[in-house]
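Heads up, the thing below is written out as structure tokens.
Bear in mind the structure is a predicted one, so any value in this text is a computation, not a measurement. Chain identifiers are assigned alphabetically (A, B, ...) following the order of the sequence lines, protein sequences preceding nucleic acid strands; residue numbering begins at 1 within each chain.
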Amino acid sequence: MIEVQALRKSFKQIHAVDGVSFKARDGAITGLLGHNGAGKSTSLRILYGLLSADSGSAVIDGVNVMDHPQRAQEIIGVMTDAHGLYPRLTAREHIEYFAQLRKLDKATMHRRTGQLIEQLAMEEIADRRAEGYSQGEKMKVCLARSLIHNPQNIIMDEPTNGLDVMTTRSVRTILQDLKNQNKCILLSSHIMQEISALCDEVIVISEGKVLMQGGLDELLAQTGEKDLEEAFMSITRASK
Amino acid sequence: MSIWLVITRKELIDAIRDRRALLALLLFPVIGPFVIYFMFNTIVDIAEEAKDLTLPISGAVHAPDLVDYLVQSGIKLEHVEIKRTQTLDEKSGTPVAEPPSEVNTFEAVPEPYTYPSNLLAEVRERIEDRTYDFVLVIPNDFSTRLAHSRSVNVELFHESSRATAQAKVGRVQRTISAWNQETASLRLMARGISPTVARPVSIEKIDVASPQARAQRILGMIPFFIIVAAFVCGMGIAVDATAGERERKSLEPLLVNPIERTSIVVGKWMAAATFSGVGLLLVMLLNLLALNQVPLEQLGLSFSISATEIIGIIIITLPLAFFATALQLFVGIFAKSFKDAQAYLSVISMLPMAPLFYNIFNTEDRELWMSLVPMLGQHMLLADVVAGKNPPLFDFAVAAVSVVLFSLMFIYGATLVFKRERIIFS
């Protein structure tokens with residue numbers, strides 16, 4: 001479970017995150033919805049310990065990220081918005097590298113790697129070097145290496161950005177699986193379709209502030225709109 | 001397995017598969033020994049050729065004394081004839097009068113004979129088409145003028161850009177000068193004057209350098225190659241592990257793992273230092289092999305190196321692998337792309353030149369601060385060892401400790417930079 005309270009972060013004069021509070025529960029997919037530059041990535045980066053907040057708190061399964069960033073990193077799996085791979089390593093080597101960095105023992109490493117390769121249908125590229133991977137193949141490797149330690153909490157920054165339909169679908173299936181395993185999944189997106197297809201909970205974020213949080217139905221009911229896009233537009237318009 | 005070791009292993013695998021990095025590692029160490037091998041061989045060849053000297057000479061019949069002297073000095077003569085039959089005066093077009101071969105009276109000795117321009121052109125042509133590299137031309141009034149105690153011009157035509165011929169020309173010149181001295185002395189003695197009157201000062205050069213010290217000057221290049229190797233061979237990994245991570249956007253995913261930044265930097269450092277160290281050892285090994293192949297004795301030089309000296313050199317230079325790569329990592333992190341990093345690091349790779357130039361122009365004795373300066377200290381120690389001197393153990397220790405401290409400082413700096421938000425996200 002991820003709980004964020006009154007998070008603030010400024011870069012020079014810009015308040016990137018300006019008092020963000022939300023909750024992402026276990027067994028649900030929570031989506032951060034907002035324009036580009038609304039403060040989604042900054043919030044997530046604070047959560048996975050690469051940015052320090054100016055104030056506020058972020059707690060993951062009882063671990064305060066500000067006080068123990070490394071302990072928090074141990075219990076989360078992160079897919080950053082940067083999807084850089086090492087062109088001379090194979091998919092399997094990428095996954096195993098992260099397994100070793102997370103100190104998994106050899107048996108677990110091989111078992112998990114095999115599982116993930118099968119789950120993500122990447123047998124074909126498993127032992128090929130990353131040079132020349134398609135966007136979807138890269139994404140699969142990123143996803144696999146962020147899940148190698150079977151984390152309880154999963155944070156993903158724009159997980160389906162730039163993916164083709166097939167890959168998007170397989171990512172969705174995996175996320176549903178994880179949800180059914182009672183994991184806590186927090187993802188960000190600016191694509192309405194994505195959010196409405198995947199998320200149980202939606203957090204609408206704009207200019208560093210949370211405008212609304214609730215289930216999809218609640219959002220529609222509150223705004224009186226028929227779909228998420230209209231609801232989103234009316235929420236952000238109302239805030240201005 | 002420790003985290004840093006995981007990272008070192010990954011960086012090494014990555015680098016070994018990188019053809020460019022591997023090429024830099026394997027190619028650079030080969031260059032130095034080749035240069036040294038060919039340099040020495042050329043020097044040996046030139047020295048050998050000067051010993052075995054054939055002098056093209058024209059008009060030898062006019063100067064039997066000089067010719068005898070040349071032959072006695074071990075110079076072989078090759079008689080060539082420079083045609084004068086069609087020597088025409090340029091202005092009038094009439095044949096130029098040959099200088100008289102017999103002059104009987106002292107008063108009648110004409111001014112020194114000057115060669116007409118077309119004769120000079122012929123000589124030049126022969127040298128240019130490499131019929132010979134140089135030629136000694138003796139005028140036909142040589143004996144006459146000599147007999148009257150006049151001075152004679154003999155001409156030694158040569159082409160100064162032909163490096164191989166210079167040693168030979170030098171030897172011919174020295175031999176003629178010696179004969180000149182001897183003849184002058186004889187003339188003075190014939191007039192009852194001691195030859196020393198005309199020679200108030202005579203210089204005798206005595207080279208006290210031991211053969212090893214003489215070798216030092218040429219072998220002085222080896223420390224330079226070794227120090228540069230430390231910089232060149234680890235550079236590929238250093239760039240890839242810093243600016244490379246940033247450029248291909250793999251740094252952020254790496255940093256979300258619960259590991260200390262220090263482990264990351266140290267892991268990358270050890271990988272780069274491994275390449276750098278291997279490069280260093282390769283340079284040393286290949287240089288030793290090259291020196292074994294060069295006929296140093298023929299230059300009057302001797303070079304021998306014992307196992308302990310080799311161990312000494314390794315102890316001196318290996319810390320440089322860590323120093324060079326620590327510096328490169330520290331600088332590399334500031335670069336956003338490979339291109340930037342390569343630009344920064346090429347400048348840094350010039351650093352080893354500094355101690356070399358300093359040591360060339362430095363005439364003072366070694367002082368403590370010099371040992372403390374990274375690379376300068378190592379360079380001096382290496383130069384000493386190569387020259388067969390045994391530097392004091394204290395200097396080894398000081399230089400090593402200094403380099404290690406500097407390296408740790410750079411690594412600490414790199415760790416701090418790695419924590420900067422601006423570095424991670426841009």
Side-chain angles (χ1 to χ4, degrees), chain A residues 9 11-12 16 41-42 44-53 63 65 68-90 93-94 96-106 109 129-131 138 141-143 145-146 148-149 151 155-157, chain B residues 1-23 236-237 239-268 271 336-338 416-426:
Chain A
K9 174 77 182 177
F11 299 105
K12 286 175 191 163
S41 287
T42 306
L44 295 184
R45 282 169 179 172
I46 294 171
L47 269 175
Y48 55 72
L50 288 195
L51 278 184
S52 56
V63 178
V65 181
H68 308 287
Q70 279 196 25
R71 259 171 56 199
Q73 282 179 336
E74 277 166 24
I75 51 173
I76 54 175
V78 181
M79 196 158 111
T80 61
D81 121 62
H83 303 125
L85 298 182
Y86 305 101
R88 292 178 292 275
L89 297 191
T90 67
E93 284 166 337
H94 274 94
E96 290 182 351
Y97 180 39
F98 274 40
Q100 288 167 339
L101 289 178
R102 287 186 175 273
K103 296 201 165 168
L104 263 57
D105 62 79
K106 254 204 167 129
M109 175 175 89
R129 292 191 189 175
E131 212 163 18
K138 277 188 197 164
V141 177
C142 287
L143 189 59
R145 69 179 180 184
S146 63
I148 183 70
H149 54 302
I155 298 174
M156 302 173 134
D157 202 353
Chain B
M1 197 158 33
S2 305
I3 292 300
W4 68 264
L5 212 59
V6 171
I7 292 168
T8 304
R9 215 188 67 139
K10 177 256 157 193
E11 295 293 352
L12 283 177
I13 291 176
D14 207 346
I16 286 168
R17 291 180 188 170
D18 181 2
R19 243 181 257 155
R20 262 187 301 172
L22 209 59
L23 213 65
I237 294 194
V239 171
D240 203 69
T242 53
E245 291 264 24
R246 288 181 70 186
E247 184 171 343
R248 69 174 100 81
K249 301 207 173 299
S250 54
L251 185 58
E252 197 185 342
L254 174 65
L255 294 181
V256 297
N257 291 299
I259 43 181
E260 295 287 344
R261 302 285 155 86
T262 320
S263 305
I264 298 178
V265 176
V266 169
K268 288 169 179 296
K336 275 188 188 172
S337 64
F338 284 98
L416 290 184
V417 178
F418 245 106
K419 287 182 181 159
R420 282 211 207 157
E421 295 170 356
R422 202 165 47 81
I423 296 289
I424 305 171
F425 295 112
S426 63

Scored by heavy-atom pairs under 4.5 Å with chain B, the best of A:Glu96, A:Met79, A:Arg102, A:Glu74 is A:Arg102
Which atoms of A:His149 are under 4.5 Å from chain B, going by heavy atoms: the side chain, the backbone, both sets, or neither?
neither
Is there a side-chain contact between A:Leu51 and B:Ile424 (heavy atoms, below 4.5 Å)?
no
Decide yes or no for B:Asp240 and A:Tyr86: does some side-chain heavy atom of the first lie under 4.5 Å from some side-chain heavy atom of the second?
no
Interface moiety of B:Arg422 toward chain A, non-hydrogen atoms closer than 4.5 Å:
neither
Return the option, out of A:Phe98, A:Phe11, A:Tyr97, with the maximum number of heavy-atom pairs under 4.5 Å with chain B.
A:Tyr97
A:Gln100 side, atom CD; B:Ser2 side, atom OG - distance, nearest 0.5 Å
12.0 Å
Please classify the contact of A:Leu85 with chain B as side chain, backbone, both or neither, using a heavy-atom distance under 4.5 Å.
backbone
Rounded to the nearest 0.5 Å, how far apart are OG1 of A:Thr90 and CD1 of B:Ile13?
9.5 Å
Given side chains that start at C-beta, do those of A:Arg71 and B:Pro258 come closer than 4.5 Å, heavy atoms only?
no
How close do B:Arg261 and A:Leu50 get, heavy atom to heavy atom, and via which atoms?
NH2-CD2, 3.4 Å
Taking every heavy-atom pair that is under 4.5 Å apart, which of B:Glu260, B:Lys419, B:Glu252, B:Glu247 has the most such pairs with chain A?
B:Glu252
Top contributor to chain B contacts, counting heavy-atom pairs under 4.5 Å, from A:Ser41, A:Ala72, A:Gly49, A:Ser52:
A:Ser52
Counting C-beta onward and ignoring hydrogens, is there a side-chain heavy-atom pair between A:Arg88 and B:Ile16 closer than 4.5 Å?
no
Regarding A:Glu131 and B:Arg17, does a basic nitrogen lie under 4.0 Å from an acidic carboxylate oxygen?
no
How many angstroms lie between CG in B:Leu254 and CG in A:Leu101, if you round to the nearest 0.5 Å?
6.5 Å
